[in-house]
Amino acid sequence: MLRQIAALVAPLLVLVSGFGAGQAEIPPPPDAGAPLPPGLVSAEIAPGWQDANGRRTAALKLVLDPGWKTYWRVPGEAGVPPSLDFSESENLKNIEVIWPVPQAFDQNGMRSVGYLGGMVLPLRITPADPTRPVVLHLGLGIGICHDICVPADLVLSRTLDGPGAADATISQALDAVPHRVDSAIAHCRIEPIADGMRVTARIVLPGAGRKTGAGLAPSPGSAPPDTARETATLFELRSQPMWTSDPVETRDGAVLEASADFVPATPKPFDLDPGDLRITILGPGPEPSRAIEIDGCPAP
């Protein structure tokens with residue numbers, strides 16, 4: 001029953017990877033000047049800069065109180081899916097939200113995936129007319145958690161005009177994305193289950209030579225050992241966000257096998273395109289060298 005409820009809720013909180021692709025309408029808060037919810041220190045759109053070709057790079061910046069976290073695009077069974085709605089923006093042809101490497105946490109025996117202390121999400125923006133300003137309006141729905149979880153619905157706006165200036169925090173976030181590897185290292189078996197589809201991936205980790213694998217070993221500065229997992233495998237469908245179970249993982253040297261269930265809003269088997277799969281494998285810390293991303297997963 002829990003997974004069916006989650007499957008009904010997940011599509012309402014739509015993830016944005018490009019402007020015009022499946023955005024959810026987020027109502028503005030009753031009072032835009034009301035105090036921020038507990039745990040949220042600040043929220044803004046940082047203006048960033050404009051490239052010579054007219055494309056802009058800005059960012060969503062959130063600062064949280066110590067010990068508070070918010071969630072990645074696929075938040076895990078214990079997380080809250082974020083939603084970003086740019087549909088009210090002006091002079092916007094396309095927008096790509098770039099997600100730096102998150103961390104995986106254990107919450108009461110379930111996995112959540114997100115950012116501790118805040119996050120910076122770079123925004124790659126293509127204006128309809130590069131000679132005119134872009135007026136960016138963002139309807140943002142997120143969950144922020146400490147001992148309790150608090151939903152936050154925010155409306156943020158920023159006019160992006162002129163060449164702008166370099167921003168070190170945005171550049172650092174751009175450098176902190178998972179390393180994309182060839183899908184040939186993975187093979188997936190896809191089978192129907194009562195309320196959706198099950199994907200079982202067999203992945204030969206690149207450069208793995210010990211239990212955690214080269215590039216996925218524990219590192220200083222990672223999350224506390226009682227909350228951070230050694231590694232985490234995260235499944236998603238790029239074109240149709242939906243509820244996905246916490247994967248079951250086994251490891252034999254360089255070979256990782258992970259299995260997860262995909263449950264749509266109408267819980268039943270569906271046509272799952274293996275080319276639409278994205279698999280992200282995290283180490284315990286946020287360093288980009290400790291995460292890989294695989295687009296597509298061919299059959300064995």
Side-chain angles (χ1 to χ4, degrees), residues 13 15 39-41 43 59-84 97-122 140 142-150 152 169-181 203 205 208 211-236 241 243-249 251 256 258 260 278-294:
L13 300 170
L15 311 176
L40 182 59
V41 176
L60 167 64
K61 291 187 179 182
L62 301 181
V63 177
L64 304 178
D65 281 323
W68 286 76
K69 62 179 177 288
T70 191
Y71 294 102
W72 192 55
R73 64 177 184 246
V74 181
E77 285 192 356
V80 178
S83 72
L84 296 89
V97 181
I98 299 171
W99 297 82
V101 174
Q103 292 176 253
F105 304 94
D106 280 323
Q107 286 183 230
N108 301 319
M110 294 188 295
R111 173 182 294 168
S112 67
V113 182
Y115 304 98
L116 190 65
M119 68 179 180
V120 178
L121 298 185
L140 176 65
I142 57 171
I144 53 177
C145 292
H146 192 268
D147 298 325
I148 59 170
C149 287
V150 179
T169 60
I170 299 178
S171 297
Q172 290 166 6
L174 288 169
D175 289 340
V177 297
H179 176 62
R180 187 166 294 179
V181 297
I203 303 163
L205 295 174
K211 181 181 178 184
T212 51
L216 293 173
S219 64
S222 61
D226 60 338
T227 59
R229 296 184 180 214
E230 189 175 76
T231 60
T233 308
L234 310 173
F235 288 86
E236 59 185 301
W243 185 87
T244 307
S245 69
D246 196 356
V248 176
E249 301 163 318
R251 183 77 177 270
L256 170 68
R278 177 183 289 148
I279 304 171
T280 306
I281 303 173
L282 306 180
E287 299 90 337
S289 62
R290 302 184 188 280
I292 62 173
E293 184 176 278
I294 307 164

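In terms of heavy-atom proximity, Gly79 sits nearest to Ser112 at N-CB, 4.1 Å. In plain terms, the two heavy atoms of Val177 and Val101 that are nearest each other are C-CG2, 3.8 Å. The two residues Gly67 and His146 make their nearest non-hydrogen contact at O-CD2, 2.8 Å. Smallest separation of non-hydrogen atoms from Thr233 and Leu256: OG1-CD2, 3.2 Å. Considering all non-hydrogen atoms of both residues, Met119 and Tyr71 come closest at SD-O, 4.5 Å. Closest heavy-atom contact between Ala232 and Glu249: C-OE2, 3.6 Å.
Here the straight-line distance linking atom CD1 of Ile98 with atom CG of Leu60 works out to 12.5 Å at 0.5 Å rounding. Atom OG of Ser83 sits about 15.5 Å away from atom CZ of Arg73, to the nearest 0.5 Å. Taken from CG in Leu64 to SG in Cys145, the straight-line distance is 10.0 Å, to the nearest 0.5 Å. With rounding to the nearest 0.5 Å, the separation of CD in Gln103 from CG in Leu282 is 9.0 Å. Atom CZ of Phe105 sits about 5.0 Å away from atom CG of Leu116, to the nearest 0.5 Å. Here CD of Glu77 is found 9.5 Å from OG1 of Thr244. Values are rounded to the nearest 0.5 Å.
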Quiz item: Between Thr169 and Lys61, is a side chain to side chain contact (heavy atoms under 4.5 Å, CB included) present by the stated rule, with each step listed?
Solution: CA-CA 9 Å; Thr169 60; Lys61 291 187 179 182; 2.6 Å; yes
Exercise. Start with the C-alpha distance between Glu236 and Thr280, add both sets of side-chain angles, then the distance that settles side chain to side chain contact (heavy atoms under 4.5 Å, CB included), and finish with yes or no.
Key: CA-CA 9 Å; Glu236 59 185 301; Thr280 306; 4.3 Å; yes
Quiz item: Going through the distances and angles, do Ile281 and Ile203 end up as a side chain to side chain contact (heavy atoms under 4.5 Å, CB included)?
Solution: CA-CA 10 Å; Ile281 303 173; Ile203 303 163; 3.8 Å; yes
Exercise. Let me see the working for Leu40 and Asp65 under side chain to side chain contact (heavy atoms under 4.5 Å, CB included), right down to the final yes or no.
Key: CA-CA 6 Å; Leu40 182 59; Asp65 281 323; over 6 Å; no
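Ring geometry for Trp72 against Trp99 counts as perpendicular: the plane angle is over 60°, on a 0 to 90° scale with 30° as the lower cut.
Scored by the side-chain contact (heavy atoms from CB on, under 4.5 Å) test, Val63 finds Val41, Ser42 as partners (sequence neighbours excluded).
Counting heavy atoms from C-beta outward, Leu62 and Leu140 have side chains that approach closer than 4.5 Å. Using a 4.5 Å cut-off on side-chain heavy atoms (C-beta onward), Pro178 and Ile292 make no contact. Side-chain contact between Arg278 and Glu293: present, with at least one pair of heavy atoms (C-beta onward) separated by less than 4.5 Å. Between Arg111 and Leu234, the closest side-chain pair of non-hydrogen atoms falls below 4.5 Å. By the 4.5 Å heavy-atom criterion applied to side chains, Pro100 and Pro122 are counted as neighbours.
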